[in-house]
Every structure is written in structure tokens, then in C-alpha cells.
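Note that the coordinates shown come from a computational prediction; the quantities given were computed from them, not determined experimentally. Throughout, protein chains are lettered first and strands after them, A, B, ... in sequence-line order, and every chain is numbered starting at 1.
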Protein chains: 2
Amino acid sequence: MSATPTEQVTAPSRDKRSSAKDVARLAGVSTATVSRVINNPEQVDAETQRLVREAVTKLRYVPHGAARALRSHRSRMVGAVVPSFEYALYARTTSAMQAVLDAEGYSMVLAEHHYDLAAELRITKQLVGHGVDAFVFVGLHHDPALFALLENYGRPYVLTWGVDPMRQHPSIGFDNRAATFAMTQHLIGLGHRRFGLLSAPTEGNDRATERGAGMRAALAQAGLALADECVQYGPISLAASAAMMRKLLALEHRPTAVVGTNDVFAVGGMIACREAGVRIPEDISITGVDNTDLGATQTPALTSIRTPIVEVGRAAAEQVIARLEGKEHAAFQTLPFELVLRGSTAEPQKN
Amino acid sequence: MSATPTEQVTAPSRDKRSSAKDVARLAGVSTATVSRVINNPEQVDAETQRLVREAVTKLRYVPHGAARALRSHRSRMVGAVVPSFEYALYARTTSAMQAVLDAEGYSMVLAEHHYDLAAELRITKQLVGHGVDAFVFVGLHHDPALFALLENYGRPYVLTWGVDPMRQHPSIGFDNRAATFAMTQHLIGLGHRRFGLLSAPTEGNDRATERGAGMRAALAQAGLALADECVQYGPISLAASAAMMRKLLALEHRPTAVVGTNDVFAVGGMIACREAGVRIPEDISITGVDNTDLGATQTPALTSIRTPIVEVGRAAAEQVIARLEGKEHAAFQTLPFELVLRGSTAEPQKN
DNA sequence: CGGCATTTTGTATTCGATTGCATGAATTGT
DNA sequence: ACAATTCATGCAATCGAATACAAAATGCCG
């Protein structure tokens with residue numbers, strides 16, 4: 001191939017692909033037999049199978065997915081609809097999902113909606129149209145029309161990163177509230193009395209909502225409260241959470257312990273402290289959730305909560321596969337979390 | 001007396017979905033017109049369009065993707081086949097891709113192959129079977145059978161994160177070799193003479209190969225060489241790269257500057273230094289590639305190379321869409337990179 | 001060897017939307 | 001006002017594989 005001056009390309013001629021008919025002709029059988037060799041080999045004579053398989057290999061035959069999906073009403077595609085790829089957490093979960101799906105001969109279709117429930121619905125509709133068999137979503141809270149759509153089209157789905165307390169929707173996750181509850185209790189135990197919270201907007205994000213609630217519950221139990229000015233909401237980004245932390249640092253009565261609803265918020269907070277010369281953990285303790293590399297490699301290392309990142313992905317994939325194949329499977333799974341105590345937390349300094 | 005045989009319980013209707021026929025009936029037109037309203041609205045009378053659109057909304061009609069793909073030979077799905085979701089870099093690139101694809105009404109199918117070219121081929125074959133229209137791959141080096149497959153089935157594709165010097169395969173990326181060349185020159189300029197390299201295995205990974213080559217070229221130009229014992233290969237993970245760095249630290253004649261082929265290697269190296277009480281940058285300078293948050297938030301912050309993460313994804317999506325739609329589009333694009341100098345590099349200490 | 005059960009294979013229909021071709025309606029030109 | 005053109009729409013064939021049903025081949029038994 002010679003490089004043309006403009007170096008442009010157009011689509012190559014499509015569809016030299018061979019069909020079941022071609023295979024049938026070469027093997028001297030009918031297309032029905034070809035189909036059976038692929039889908040129900042036990043119904044076909046061993047010698048005939050050999051002939052067909054040979055033809056398949058020789059012609060590099062790959063069954064036409066669309067035709068197959070059209071006729072059989074199944075596409076072997078599973079959709080994963082997540083808020084964002086950029087947060088490492090979801091990347092790792094979907095990675096685990098894909099491994100399971102791939103091993104079972106399914107493909108994964110991945111899409112992100114940037115924390116916009118309307119976009120989530122729109123994207124899911126599109127995927128349903130593409131014939132995606134089943135879905136995995138993040139979080140418990142979604143547009144009611146989403147569930148209507150899935151019900152309407154008979155598509156199994158699983159919600160992840162939370163377990164539906166009403167037991168209405170199949171779901172796999174851990175107890176978000178209990179996690180921050182435990183973390184806050186730990187901080188109270190260290191002697192902290194004035195707290196701050198760096199959170200994602202709770203609108204349409206039940207993980208953030210629950211995590212905030214867990215913190216408030218622990219404080220209430222200890223007779224403490226979370227002052228309004230000590231709560232900052234913002235998007236999941238280091239820059240945003242650093243800005244949020246700056247506001248907390250500017251308060252007259254500054255918190256001595258700040259909880260981030262995930263590691264990104266916590267690390268953003270750490271950045272703001274460094275810039276302001278506020279020492280961690282001497283002047284302020286900071287905690288995150290998810291126990292990501294980002295937090296673990298900070299100086300000091302971030303105290304966080306190990307969430308079942310990989311386990312959730314694997315379990316979600318297993319559940320949808322089981323349901324697609326008509327097998328029984330637990331619809332609700334609560335997986336464990338674990339506090340990971342590191343250098344970003346300590347007793348508050350007396351002064 | 002009619003003996004009713006075993007009572008047939010109608011299975012929970014899996015597919016209550018409405019078809020073009022239902023829409024046509026409700027709107028009082030033919031299915032052909034329904035199809036035209038969706039695909040070529042300019043051919044249909046405005047009033048008829050309104051009727052059809054109304055029926056579509058009322059019936060919650062979503063066109064059947066498989067049927068559509070079967071007949072029209074286009075599925076409007078683009079496959080992104082990446083080494084791993086877990087490295088933040090690919091997550092961000094695919095995120096940018098999906099944004100463009102979504103805006104143009106395409107869906108993205110994402111799959112990972114864990115740096116295994118055979119798995120890459122297998123997965124791609126499966127996706128071709130599912131009717132995926134076009135592909136985006138990472139890296140220039142792939143199984144020849146992959147290109148044969150794509151050619152055979154007439155599927156446009158783009159390679160990313162490198163630009164094919166032979167101009168054989170459409171590709172979008174930056175000059176990996178030039179990037180580490182520039183970085184190494186910078187380190188030489190600071191006064192470093194003994195270098196270390198933390199790299200991904202070069203097998204099937206041309207990015208790693210090129211980045212190593214760029215470093216060696218810069219050294220050669222300055223009359224320096226990279227000692228064999230100063231080069232460590234391993235998987236992309238903090239634990240692995242920390243172990244690799246420990247080997248470098250154990251050398252009798254320890255390097256004063258260590259280049260990581262990406263930020264994960266560099267940060268892993270930083271971790272090992274911290275553990276060993278080796279000061280950065282006083283005792284050793286460390287650099288990465290990709291300028292991720294992970295590196296930028298370390299103490300000291302990592303010197304790195306800003307690579308066109310988002311731009312590559314966007315450009316790749318734009319190219320495959322253009323080619324699918326028969327438009328002309330530049331097949332080769334070299335995007336710029338930029339050195340980002342921070343606290344992890346300094347002049348070597350005289351002693 | 002006939003008869004019946006079982007295995008193997010083929011024939012023909014079907015899935016749902018797209019599209020070439022044909023038809024009838026509306027518009028234009030002269 | 002009528003032919004020529006354009007526009008809007010419907011009819012019916014089609015994409016490629018799966019599958020119900022029918023038919024043929026085989027096996028087994030007494």
C-alpha cells in the first residue's frame with residue numbers, strides 16, 4: 001500500500017463474509033444441520049459434525065449475530081450502565097464483570113451516563129433496541145420509567161453497590177450506611193467531636209445519600225450533630241473536592257475530622273490541606289471510601305474502607321447469566337466491607 | 001364434553017415489545033412508512049410523521065436492532081478493544097470515545113484482553129459476529145489474523161496510542177519514542193548519568209517498546225548507555241513495580257534517575273523508595289508517563305508527560321464514524337505531548 | 001425379516017425492519 | 001386543461017440463522 005498524499009481512507013468493501021448456506025454447500029448438508037452443529041451438537045452425527053466443522057474453519061465462518069438474535073430472541077450481550085468510567089472503582093468492577101461474561105460466551109456492552117438518570121434511561125433504551133439481553137446498573141435509585149422499560153421488554157437486571165431494603169429489585173452490594181457509620185464511630189472513638197463531610201451531590205445518587213446518613217446516625221448516637229456549614233457537596237474530582245475542603249478550612253470553627261464519601265473526595269481534601277499548610281493527621285483527620293490506590297499511596301496514606309469492588313462485578317455477572325439461563329440464583333447479596341486504618345487519621349490535638 | 005389436555009399456562013410474556021407493525025396499524029400507515037419516519041424522515045409528509053411519532057411514543061416503540069442490522073447490514077455499534085480497564089488511562093480514553101459515539105447515535109461495545117493478543121483476536125471475532133460495525137484498538141502491534149479478519153469482513157478500524165510509521169494501518173496517537181526521548185534529555189540536562197527503567201513487558205506492547213527505545217536513543221546521543229541490570233520488566237501494578245524498584249535499589253551502583261514507562265510504574269517505584277528510606281528527589285529522581293492523578297498527587301508530585309488521553313479517544317471515534325458514513329477523514333494523526341516537570345526530579349546530589 | 005422406537009437430516013416458515021419497485025396523488029409548466 | 005414531473009406511500013422480497021415438523025435412515029427386538 002502506498003501512502004497517498006492526502007492519506008485518507010474510506011470504508012473497505014463490506015461483507016465478503018460466508019453464510020451458513022455456504023458452509024452447508026461445502027459440507028454437503030442443509031443449513032439446518034449447520035445450525036445444529038453450532039447450537040445443539042449432540043443432535044448431530046459425529047461424522048457429519050466433523051464435515052461441518054471443517055467447512056466452518058475453511059470458510060472462516062462466524063455466525064451472523066443479528067440474524068441469530070432476530071430469530072432466537074437472544075443476543076448474548078449484557079449491558080453495564082455505569083455513572084462514569086473515570087472513577088477507577090467502576091472500571092475495576094466492570095473489568096471483573098467482563099471476565100465472567102467473556103468466559104461464558106457473553107459480550108459486555110458498556111455505557112456511562114455521568115450521573116444523569118435521564119441519560120441513563122435514554123442509553124438503556126438504545127441498548128434494549130440493540131438487543132441487549134440483560135443489564136447491570138449502579139445504585140438503587142433510577143428513573144421509574146427505566147424499570148418500566150425493563151419490565152416491558154422482559155430484560156433481567158441487577159442493581160449494584162447497594163442492596164434494596166424493600167427487596168423490590170435484585171441487587172448486590174454492601175451496606176453503604178453501615179460503612180460510614182463504622183468509620184464515624186472510629187473517629188468518635190479517637191476523640192473527634194467536630195466533623196466535616198465532603199460528598200457527591202445526593203440527587204440521584206443513593207450511595208452518597210446513604211453514606212452521609214450513616215455518618216449522621218453515628219454522630220447522633222454519640223449526641224453529636226453535623227453542622228450545615230461543615231457539609232460540602234460537589235462533583236467527583238480532585239479539583240472540586242480540594243475547593244470544597246478549602247471552604248471547610250476557612251470556617252471559624254474548623255472540623256477536626258473530615259469524611260469523604262469516596263477516596264477522590266478525601267484525596268482532594270488532602271491536597272487542599274497541603275496547600276494550606278494544615279497538617280494531616282495532627283491538625284485534621286481525613287477518611288475516604290473504596291480503598292483505591294490513589295488514597296493508599298498518599299503521604300500520609302489514607303484511612304479508607306475496602307469495598308467489595310471485584311466481588312460485586314463478578315456476582316452481578318453471575319446473577320444475570322443465571323437468570324438468562326433460567327437457573328436459580330440469589331437475587332440479593334450483601335457483601336462485606338472492612339475499615340482500613342492508616343496514617344491520615346489520629347486523635348485530635350488538644351489545644 | 002371436551003377434555004382439555006394439560007392446561008397450558010401462558011409463560012410470562014417475555015416480549016410485550018411492540019413492532020413496527022403495531023405502530024403502523026395505530027398510525028394507519030404501512031410499516032414502510034414507519035421505517036422511513038425513523039430513517040429518512042425527509043421523505044415523509046409532515047402530518048404523517050406526526051401521526052407515526054405519536055404512535056411510536058404511545059406504544060413505547062423501540063426499533064428491533066437485530067432485525068435492523070440484519071437487513072441494513074449496519075448495527076451502529078463500535079467496538080473498543082483495550083488491554084485493561086483498570087489503568088485509568090484507557091478508562092478516560094474510552095470515556096471520551098463513548099461521548100462522541102453516543103452523540104452520533106452509536107453505541108460502544110467495550111472489551112479488554114489483558115495484554116494477550118490471542119485473546120484480543122478471539123474477542124474481536126466474537127464482536128464481529130455480533131455485528132459490530134467498526135473497531136478501535138490500542139497499540140500498533142497485533143496478530144496478523146486480526147487484520148485479516150477485519151479486512152475479510154470489511155470492518156473499518158483505527159489503532160490508537162501510536163502512529164504507524166509504515167502508514168499501513170489507520171492510527172491516532174502520539175510519538176511514544178519522542179516522549180521518553182525528551183524526558184531522558186531533560187534528566188541528562190539535570191546532570192544524571194546512571195539511569196534505570198521500569199517497563200511493561202515489551203512483548204506485544206509497542207508503547208512500552210517505543211518508550212524504552214526513546215530513552216536509549218537519548219542516552220546514546222549523550223554517549224551514555226542503559227545497563228542491563230538497570231532495566232526491570234513487570235506487569236502494570238503498584239506492587240509489581242515496587243518490587244522491581246527494590247531490585248534497582250539493591251544494586252551496587254544504583255541509578256540516580258529512574259524512568260517509568262507510565263505513571264503506575266513510577267509511583268510503584270516511589271513506594272519502594274519510601275519504604276527503603278531513599279529520598280526523592282535528593283537520592284533518586286523518578287519520572288512517569290501519562291500525567292495521571294495518581295502521580296500528580298504524590299509527595300513529591302511526579303514529573304510526567306501529559307499524553308493526549310481524551311483527544312485520542314475523541315479523534316478515534318470521529319474517524320471510525322466518518323469512515324462508516326463514507327466520509328473522507330485523515331487516517332493518521334499525531335497528537336502532541338508535553339513534559340510536566342514537578343518535584344520528583346532534581347539534579348543528582350554530588351557526593 | 002417385519003415392525004416399532006430412535007436417531008439423524010431436510011424442508012419450509014419465521015423473526016422484524018429495510019428497501020426496490022410500483023402506484024397514485026399533488027404540483028408544475030405551457 | 002393536460003402532460004410531465006415530483007412527492008408520498010404501499011407492496012412484497014429480503015437479510016441469515018433457528019426451529020417445528022416431516023421424512024428418512026438406522027437400530028433393536030423377537
Side-chain atoms of S30(A) come closest, of dT11(C), dG16(D), dT9(D), to dT11(C)
Taking OP1 and OP2 of dA17(D), is either one under 4.0 Å from a side-chain nitrogen or oxygen of Y61(A)? yes
Starting at CD of E318(A), measure out to NZ of K327(A) and round the result to the nearest 0.5 Å. 11.0 Å
Main chain of E120(A), side chain of T124(A): is a donor-acceptor contact present, judged purely on distance under 3.5 Å? yes
Any T31(B) side-chain N or O less than 4.0 Å from OP1/OP2 of dT18(C): no
Per nearest nucleotide of DNA chain C, the residue lying toward the 5' end, A66(B) or N40(B), is A66(B)
Looking across every strand, which nucleic acid part, if any, lies under 4.0 Å from V44(A) by heavy atom: base, sugar-phosphate, or nothing? sugar-phosphate
Which of these nucleotides, dT18(C), dA18(D), dA17(C), is closest to any side-chain atom of S72(B)? dT18(C)
Pick base, sugar-phosphate or nothing for V29(A), based on heavy-atom distances below 4.0 Å to the nucleic acid. sugar-phosphate
Looking at every strand, decide which applies to S35(A) at a 4.0 Å heavy-atom threshold: base, sugar-phosphate, or nothing. base
d(CD, Q49(A); P, dT9(C)) in whole Å: 9 Å
Do any side-chain nitrogens or oxygens of T33(A) fall under 4.0 Å of OP1 or OP2 in dT8(C)? no
Check whether any side-chain nitrogen or oxygen of N39(A) sits under 4.0 Å from OP1 or OP2 of dA17(D), and answer yes or no. no
Over how many whole Å does the gap from D45(A) atom CG to dT26(D) atom C1' extend? 10 Å
Spacing between E47(A) atom CD and dT9(C) atom P, to the nearest angstrom: 10 Å
If we ignore hydrogens and angles and just use 3.5 Å, is the side chain of R155(A) paired with the main-chain N or O of F135(A) as donor and acceptor? no
What is the distance, to the nearest angstrom, from the NE2 atom on H73(B) to the C1' atom on dA17(D)? 14 Å
Let me confirm one number: the CD-CD1 distance from E104(A) to I321(A), rounded to the nearest 0.5 Å. 4.5 Å
Protein-nucleotide distance (R25(B), atom CZ; dC11(D), atom P), rounded to Å: 14 Å
Between Y115(B) and H113(B), how do the two ring planes meet: parallel, tilted or perpendicular, split at 30° and 60°? perpendicular
Could you tell me the separation between the NZ atom of K21(B) and the C1' atom of dT18(C), rounded to a whole number of Å? 14 Å
Look up atom CD in Q98(B) and atom NE2 in H114(A), then write down how far apart they are to the nearest 0.5 Å. 6.5 Å
Mapping L70(B) and T48(B) to their closest nucleotides on DNA chain D, which lands nearer the 5' end? T48(B)
On the nucleotide dA18(D), are OP1 or OP2 found under 4.0 Å from the side-chain N or O atoms that R68(A) carries? yes
Say whether Q319(A) and R323(A), considering side chains only, have a donor N or O and an acceptor N or O under 3.5 Å apart. yes
Donor/acceptor link under 3.5 angstrom from R71(A) side chain onto base of dA17(D): no
Counting N and O atoms only, with roles assigned by atom type, does the side chain of D143(A) sit under 3.5 Å from a partner on the main chain of L117(A), one being a donor and the other an acceptor? no
I need the CD-C1' distance between E42(A) and dT19(D), as an integer number of Å. 14 Å
Please give, in whole Å, the distance from dT9(D) P to L51(B) CG? 10 Å
Output one letter per nucleotide in nucleotides 20-25 of chain D: B when a protein non-hydrogen atom lies under 4.0 Å from the base, S when only the sugar-phosphate is that close, - when neither is. ------
